[in-house]
Structures are given as structure tokens and as C-alpha cells.
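What follows is one structure encoded as C-alpha cells, with my remarks underneath.
Here is how names work: the chains are called A, B, and so on, in the same order as the sequence lines, proteins then strands, and each is numbered from 1.
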Protein chains: 2
Amino acid sequence: MTRECNNSMLRRASRMLGQVYDDALAPSGLRATQFGLLAQIDIMREPALRELAAEMVMDLSALGHTLKPLIRDGYVALVPDKKDRRVKHVTLTKAGRKKLEQTSKLWADAQRRFEKTFGDKRAADLRAVLEELSSEDFRKAFTGGS
Amino acid sequence: MTRECNNSMLRRASRMLGQVYDDALAPSGLRATQFGLLAQIDIMREPALRELAAEMVMDLSALGHTLKPLIRDGYVALVPDKKDRRVKHVTLTKAGRKKLEQTSKLWADAQRRFEKTFGDKRAADLRAVLEELSSEDFRKAFTGGS
DNA sequence: CTTCATTTCTGGCATATGCCAGTATCTGAT
DNA sequence: ATCAGATACTGGCATATGCCAGAAATGAAG
């Protein structure tokens, strides 16, 4: 049954890929998840916690927990919004940007090896499928599926 | 960068799918991961912890931790091997088998909705790709990739 | 301007995972 | 029989995630 379960298979592959990417990034001291978070923050430019969580398809509180180590290590900081005092924006510190840039080299290498092993086109196709599965549209179609 | 990262996209999709499958199984009180574990144990028939961990592509100690709640709730039990006293086998209790069978209905429904939303063939193809990514062969090709 | 619902975070608790350092066995070489 | 090295777990610590119950701030009514 497990091999027929889309969810179980996805998690299994996540564990595997997580391990190899983690190994690849190990010299940086960052986990693959942390690297992904820093990269996303960098792209979004001071997103509110809520916005970042939505983009990551992550629970807001889970995001908060996950950011703790990065804040503690000085890579990320939270800055309150000027207008709405409920909102906090996430930003990379100078150290965070530097760490992100350095780690990017390790990531690029892992990424290259992945594409070489799995195939460039197949990888791109896979990412497109995963993007689709991560979308709100998919959730709605699945949940509200008549 | 994040959308180009195979690992980040895989995790993102995992979070999404985890949420919808968890929701679907919620009435049973089991998480989708726990259900998957029970199903795998059922298939393997009293596997050693090490064997189960390998099949799940999971760290041995992580498996141990993950089993704790299931043991506590009486769905799973560990039985020492007769020959080799280092080895412990994992087995479903009667309650575990019953819970698995009941929950299977909820799982089948979620699975059906997934396939309807995503497409039967696409789902099967995706699972095949995920199986490939979870394989030791892939890890070797990636790691030792010249 | 109060009141109440809504929105955004924070904190506590629980599961999911992994790494590393033991501990108990087992095995093979001497 | 002995002892070094390999194996199979266990436990402690740390990150990854999620749910739920607050607390703080906003916004919409009246």
C-alpha cells in the first residue's frame, strides 16, 4: 500500500533528497531547509511573516519556530511594520546575506549533480509538478473536489 | 532561486500534501506518516527496526522516535529477535491492525481524490519518479557522481 | 468613541527527523 | 577463549512542522 500512497512516497523522497542536499551544504553549517528559507527571504525583500509562510506553504507558527535558530545565529532579524504594529517583517542581516552567498556555491554544486544524475529536463518537469501540487488551486481542487 | 531548487520544491510539496492527507485521516486520530508506517510494517511482517528504517529511507534513531507514540498508544510493539539479541522486530498489535484497516478507508478516499484531481497516470508516473529518487542507486549516483 | 470580529504573532505541546555518543551483542582473527 | 572491529539499538540534543490557545492591534459597526 505504501508504494501506492502519493503522500508516503513524497515524504520518502523528501527524506532522501534532504539528506543528500544537507550533506552537500554541511560545510556551510546551514541545513538545506535553512538555506531555502534564507534564499526565499532574499527574494521577497522583507516579507511579513505571514506572507513568507504562505509562500513557503508553511504554518505561520512553524515558520516562527524554524526562524529561531537563524535569528539566534544572527542571519535573520524581525523588524516591526511601521503602519501595522501586528506585522513583523523578516530580513536578512549582513551576515545572513554573506552566508547565503557563500552557501549558494555549495547549493549550485548539489543542484548540478542532481540535474546530471536525474536529467535536466526531467528535473524541470518534476519541479513544475511539485509547484502545481504546492499551489492553493490544487488544495482547493483536492479539498473541495466534488 | 528557491523555485529552481529541487529539494526546496520537494519539501514544499511535501508540506502541502502532508496537510491534505493529514486532514483526510484526522477522524482516525492517525497522522499520515503514522498511517504510512503502520502500512509498511503490515507489509513487511515483523521487520527488524533496521530493515524498516532502510525501507522507509529513514534514520534508525528517527524511526525509533517516530514509533514511540504508536507504541505508547498500543498500535505497535517491539519484540526481541530469538537468535540475535541486538535485533528488535516491529509488529502490529491487534489494535494496530484494526486501526490500520479502519484508517485505510479514509486513506483510500484521499488517494482517490488525489488521483481525480491530479490524474491517474500522472500520479503513477510521479510515484515512479519518487521511487527512483528514494533509491540507494540514486543516492550513489548523486553522491559518487564523477 | 466603545464593542466585537478579524488579523498577526507568540508560546506551549506534540510529532517528525537526523546526528552523535554510548551500550549491548555478535563475529572473525589469533 | 580473547579481543578488536562491526552491528543494532537507545538516549540526548537540535531542527522541522503543525495545532491550538492566547495577546496585541486593527477595523467595522453602531
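- Of the candidates dC9(D), dC20(C), dC20(D), dC20(D) carries the atom nearest the Ser61(A) side chain, counting heavy atoms from C-beta on.
- The stretch residues 66-90 of chain A comes close to DNA chain D through Thr66(A), Pro69(A), Arg72(A), Lys83(A), Asp84(A), Arg85(A), Arg86(A), each having a heavy atom under 4.0 Å from the strand.
- His89(A) contributes a side-chain N or O that, together with a main-chain N or O of Glu46(A), makes up a donor-acceptor pair within less than 3.5 Å.
- Using modelled atom types, no side-chain atom of Glu115(A) and backbone atom of Arg112(A) make a donor-acceptor pair closer than 3.5 Å.
- Phe118(A) carries Arg122(A) over the face of its six-membered ring, with the cationic atom under 6.0 Å from the centre and within 45° of the normal.
- Leu60(A) comes within 4.0 angstrom of a base, heavy atoms only.
- Residues Leu63(A) and Arg50(B) both approach DNA chain D. Their nearest nucleotides, taken by heavy-atom distance, put Arg50(B) toward the 5′ side.
- Rounded to a whole Å, the CD atom of Glu46(B) is 18 Å from the P atom of dA8(D).
- Of the residues in residues 9-34 of chain A, those lying under 4.0 Å from DNA chain D by heavy-atom distance are Arg31(A), Thr33(A), Gln34(A).
- The nearest whole Å value for the distance from the NE2 atom in His65(A) to the P atom in dG11(C) is 10 Å.
- The closest donor-acceptor contact from the side chain of Thr103(B) to the backbone of Ser28(B) lies at 3.5 Å or more, if one exists at all.
- The CE atom of Met56(A) sits 14 Å away from the C1' atom of dT15(D) (whole-angstrom rounding).
- Counted by atom type alone, Asp59(B) and Ser61(B) present one or more donor-acceptor pairs between their side chains at under 3.5 Å.
- Whole-Å rounding puts the Glu51(B) CD to dT7(D) C1' distance at 13 Å.
- Counted within 6.0 Å of CZ on Arg45(A), heavy atoms from surrounding residues, nucleotides or ligands total 12 or fewer; the atom is thus considered open.
- Atom CG of Leu37(A) and atom P of dA16(D) are 8 Å apart (whole Å).
- In this structure, the side chain of Gln34(A) engages the main chain of Arg31(A) through a donor-acceptor pair within 3.5 Å.
- Between the CZ atom of Phe35(A) and the C1' atom of dT15(D) there is a distance of 18 Å, rounded to whole Å.
- Without hydrogens or angle criteria, Arg113(B) side chain to Phe142(A) main chain gives a donor-acceptor distance under 3.5 Å.
- Separating the CD atom of Glu55(B) from the P atom of dA8(D) is a distance of 16 Å, rounded to the nearest angstrom.
- Salt-bridge annotation for Arg86(B) and Asp84(B): present, with a side-chain N of the basic residue lying under 4.0 Å from a carboxylate O of the acidic one.
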